[in-house]
Peer 1: 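Dumping the structure here so I can ask a few things about it.
Order of the sequence lines fixes the chain letters, A, B, ..., with proteins taken first and strands second; residue numbering starts at 1 for each chain. Just so it is clear, the model here is predicted, and its values are computed rather than measured.
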2 protein chains.
Amino acid sequence: MSRATLKDVAAHAGVSYQTVSNVLNDHRSVRPTTRERVIQSIRMLDYHPNQAAKALREARVTTLCCVFYGYHAEDIHDPYHNLIQSAFILEAYTHGYSMTTAFLDSKSPESLESFRQAFMQGRFGGVIVVITGDTLAAKQVQMFKEWGLPCVLFDNEPSSLGVSAVTADYTQGIFELVNHHVSKGRNRITLLIPKDDLASSAITRHNAYIKAVQSHNLPHHIVFGEWSFESGENAFYEVWNTEHRPDALLCANDRMAAGAILAARKLGVRVPEEIAISGFDDFEFARYTAPSLTTIRVPYDEMARQALRTLLGNLEDSHAPTQTTFLPVSLVVRESS
Amino acid sequence: MSRATLKDVAAHAGVSYQTVSNVLNDHRSVRPTTRERVIQSIRMLDYHPNQAAKALREARVTTLCCVFYGYHAEDIHDPYHNLIQSAFILEAYTHGYSMTTAFLDSKSPESLESFRQAFMQGRFGGVIVVITGDTLAAKQVQMFKEWGLPCVLFDNEPSSLGVSAVTADYTQGIFELVNHHVSKGRNRITLLIPKDDLASSAITRHNAYIKAVQSHNLPHHIVFGEWSFESGENAFYEVWNTEHRPDALLCANDRMAAGAILAARKLGVRVPEEIAISGFDDFEFARYTAPSLTTIRVPYDEMARQALRTLLGNLEDSHAPTQTTFLPVSLVVRESS
DNA sequence: CGAAGAGATTTGAACGTTCAACTATGTGTA
DNA sequence: TACACATAGTTGAACGTTCAAATCTCTTCG
């Protein structure tokens with residue numbers, strides 16, 4: 001019933017347990033015939049090396065942790081987290097690692113404490129940090145470094161934190177989007193973006209927008225929301241009834257864009273005839289909206305895989321240089337523009 | 001730099017390492033003054049018991065695994081998985097357990113093999129299995145039992161598998177929904193539900209629908225889809241142009257209902273005047289649709305917590321009786337009906 | 001044919017914890 | 001005073017693995 005150990009395999013193959021270990025890690029040379037015999041025994045006894053013992057002896061954990069910051073119950077429906085998390089898990093698997101998840105809130109000291117405890121207990125050996133809209137979180141990342149917890153930032157530029165990061169080329173995406181709207185004859189392009197809680201990825205989009213419209217000698221106009229569907233809906237009502245009524249609304253994510261499209265329909269405003277609306281993410285529901293949503297496809301899955309590989313690199317060589325990777329994004333034109 | 005161990009604490013407090021262990025597990029009696037001294041030392045040295053060593057000695061893993069079955073890349077956007085997974089993680093945390101995730105496909109032997117390997121390596125000590133639309137998966141659950149892997153089924157009735165399960169009272173939900181439609185004067189109520197890949201939760205909804213309409217002496221009519229938004233859209237086109245044109249379309253999940261609502265709008269069919277449309281789940285986007293969606297709220301988060309507690313119960317006492325828990329659901333009436 | 005040296009294999013110790021058995025100390029009872 | 005006995009604390013072994021050093025077994029060559 002209980003699982004086979006090194007010694008069981010050794011006894012079965014008629015060698016010492018160290019020889020079995022040598023075969024497994026091909027550490028010291030083993031005679032081919034012996035190796036074959038040991039491998040046979042491993043198969044027959046269905047032996048699998050005990051991870052706990054390995055971790056104890058090697059002082060190396062093969063579990064990683066994905067940290068979601070600024071994660072409230074309402075955010076739970078967001079495909080964003082789901083998508084990247086699955087990508088982490090699958091990529092970790094292929095490298096022989098397990099993946100755990102933690103939800104942190106920079107305003108809750110207890111959540112940080114229980115996280116630290118888990119780390120100190122050796123439950124995971126490295127983290128990928130996903131910060132969405134939690135500006136205080138960056139300080140805690142600094143703390144991770146002090147703890148000696150290897151760390152890679154996801155979808156965030158590390159500024160001066162001194163940690164590696166993987167993100168996408170949002171500047172490129174915004175430029176493509178603005179160019180697209182301009183090419184369709186739009187010249188009153190408004191940006192809808194969250195005001196508070198500006199994660200660095202949002203700051204990047206904000207700055208890129210201003211540069212992009214300026215490059216076409218167009219005025220910039222910004223209206224503020226907060227990432228949610230409802231906020232997109234409200235922002236549309238607000239922006240439609242001002243002197244700045246735009247002919248293109250560039251929403252900083254797909255959810256707000258979906259809200260704006262609904263608001264337009266409720267007001268009887270025709271999209272894209274009277275106003276073009278675009279999103280940012282290219283989640284599944286961008287195809288559901290009526291009209292379907294023009295947006296920027298962000299390769300979150302590829303970014304996640306890259307982040308995981310970067311983290312593994314840091315684990316192997318703790319003095320690896322910190323690096324920031326930018327992945328390209330692409331414009332997806334649909335009916336809404 | 002390296003972490004404090006039992007011996008470090010013992011040396012600091014001037015006792016033997018076993019005494020420290022006794023304090024931590026209050027196993028043998030320790031004099032209050034000594035206990036206090038040890039606790040002080042633990043604090044000062046920032047000691048945290050090493051999980052790997054604990055797991056090795058106790059042959060007990062404090063990591064659980066959440067298994068998603070029938071999980072294809074396209075399903076990744078589904079709030080369903082996201083929601084329950086977060087609930088698992090949070091509940092596990094409060095009990096001192098970590099949570100991993102695995103994606104299995106009953107048609108892929110490799111995925112099963114690498115999963116088994118992870119289990120044999122002692123990466124997790126129990127699983128919660130989430131099967132959506134993978135009829136072969138049930139056989140693999142049987143296999144888990146043979147491996148000695150404690151297991152709880154989520155959102156699925158175990159039929160004769162002999163494992164515990166947590167699900168919701170879908171029969172109640174369907175009855176409430178049908179009664180609601182009837183109370184609004186509807187008498188041609190059609191069900192939209194997947195045909196193949198019938199997870200037991202879908203079978204339950206299917207049977208409940210037939211009983212419910214029969215209880216009102218109404219005819220039953222069923223049209224088949226496959227859980228997705230697109231399938232809901234197509235099903236609406238199909239059902240609208242038949243002799244069986246319904247005045248209420250009861251969709252087996254929210255996504256199909258959202259698709260149906262879009263299709264109705266595209267055809268210029270007024271909802272709910274000409275036809276009522278209802279969903280099942282009550283995910284966030286049920287509020288996004290135009291009109292907003294009448295649906296059944298399924299307490300997935302509470303179900304997840306319950307499933308995790310059931311699993312922990314099985315772990316503590318491996319001879320605990322298998323039990324199936326049904327949680328109540330509730331009708332949420334919105335504009336679409 | 002004996003010694004050197006490489007190759008193959010074994011033994012001992014350690015990782016940090018818990019369990020079992022053992023020793024030392026104090027407390028009440030005959 | 002001597003004894004039993006609970007209480008407090010200690011030491012030794014084990015969990016399953018890897019690393020370091022030690023031993024054994026061949027070749028190969030002077």
Peer 1: Does a side chain donor of either Arg123(B) or Thr62(A) reach within less than 3.5 Å of an acceptor in the other side chain?
Peer 2: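 On atom types as modelled, these side chains qualify, holding a pair under 3.5 Å.
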Peer 1: Under 3.5 Å, is there a donor on one side chain and an acceptor on the other for Thr310(A) and Gln323(A)?
Peer 2: no
Peer 1: In whole angstroms, how far is the P atom of dG16(C) from the CZ atom of Arg60(A)?
Peer 2: 16 Å
Peer 1: dG9(D), dT17(D), dG16(C): which one has an atom nearest the side-chain heavy atoms of Asn50(A)?
Peer 2: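 Taking heavy atoms from C-beta onward, the closest nucleotide is dT17(D).
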Peer 1: Nearest-Å distance, CG (Leu6(A)) to P (dT11(C))?
Peer 2: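 Taking CG of Leu6(A) and P of dT11(C), I get 15 Å after rounding.
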Peer 1: Using only heavy-atom distances, decide whether a donor-acceptor pair under 3.5 angstrom links the side-chain of Arg31(B) to the base of dA8(D).
Peer 2: no
Peer 1: Quickly work out the Met120(B) CE to dG16(D) C1' distance and round it to whole Å.
Peer 2: 14 Å
Peer 1: Given atom NZ of Lys54(B) and atom P of dC15(C), what is their separation to the nearest angstrom?
Peer 2: 19 Å
Peer 1: With a 4.0 Å limit, can you tell me whether Thr19(A) has a side-chain N or O closer than that to the phosphate oxygens OP1/OP2 of dT10(C)?
Peer 2: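 It does, given that an N or O in the side chain of Thr19(A) lies less than 4.0 Å from OP1 or OP2 of dT10(C).
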Peer 1: Give the rounded distance in Å between these two atoms: CZ of Arg37(A) and P of dA8(C).
Peer 2: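 Atom-to-atom, Arg37(A) to dA8(C), this comes out as 14 Å.
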Peer 1: Mark yes or no: Arg3(B) above the aromatic ring of Phe119(A), with NZ or CZ under 6.0 Å from the six-membered ring centre and no more than 45 degrees from the axis.
Peer 2: yes
Peer 1: Does Tyr17(B) have a side-chain nitrogen or oxygen under 4.0 Å from the phosphate oxygens OP1 or OP2 of dA13(D)?
Peer 2: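 No, Tyr17(B) has no side-chain N/O under 4.0 Å of OP1/OP2 on dA13(D).
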Peer 1: Do Ser98(B) and Leu64(B) have side chains that approach each other closer than 4.5 Å (heavy atoms only, starting at C-beta)?
Peer 2: no
Peer 1: To the side chain of Asn25(A), which of dT17(D), dT18(C), dT18(D) is closest?
Peer 2: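 Out of dT17(D), dT18(C), dT18(D), the nucleotide with an atom closest to Asn25(A)'s side chain is dT18(D).
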Peer 1: Rounded to whole angstrom units, what separation is found between the CG atom of Asp8(B) and the C1' atom of dG16(C)?
Peer 2: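 Going from CG in Asp8(B) over to C1' in dG16(C) covers 10 Å.
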Peer 1: Is the phosphate of dT17(C) approached by Ser21(B) (side-chain N or O, under 4.0 Å from OP1 or OP2)?
Peer 2: no
Peer 1: Can you tell me the distance, in whole Å, between the NZ atom of Lys7(A) and the P atom of dG12(C)?
Peer 2: 12 Å
Peer 1: Before accepting this row, confirm whether a basic side-chain N of the pair Arg309(B)/Glu302(B) lies closer than 4.0 Å to the acidic partner's carboxylate O.
Peer 2: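 Yes, Arg309(B) and Glu302(B) are salt-bridged.
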Peer 1: Categorize Ser16(A) for me: base, sugar-phosphate, or nothing, with a 4.0 angstrom heavy-atom threshold over every strand shown.
Peer 2: base
Peer 1: Which residue, Ala53(B) or Thr34(B), contacts DNA chain D at a nucleotide closer to its 5' end, judged by nearest heavy atom?
Peer 2: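 Final value for this comparison: Thr34(B).
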Peer 1: With hydrogens left out and only the distance checked, is there a donor-acceptor pair under 3.5 Å joining Arg57(B)'s side chain and the base of dT17(C)?
Peer 2: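 No.
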Peer 1: Grab the CG-P distance between Asn22(A) and dA21(D) for me, whole Å please.
Peer 2: 15 Å
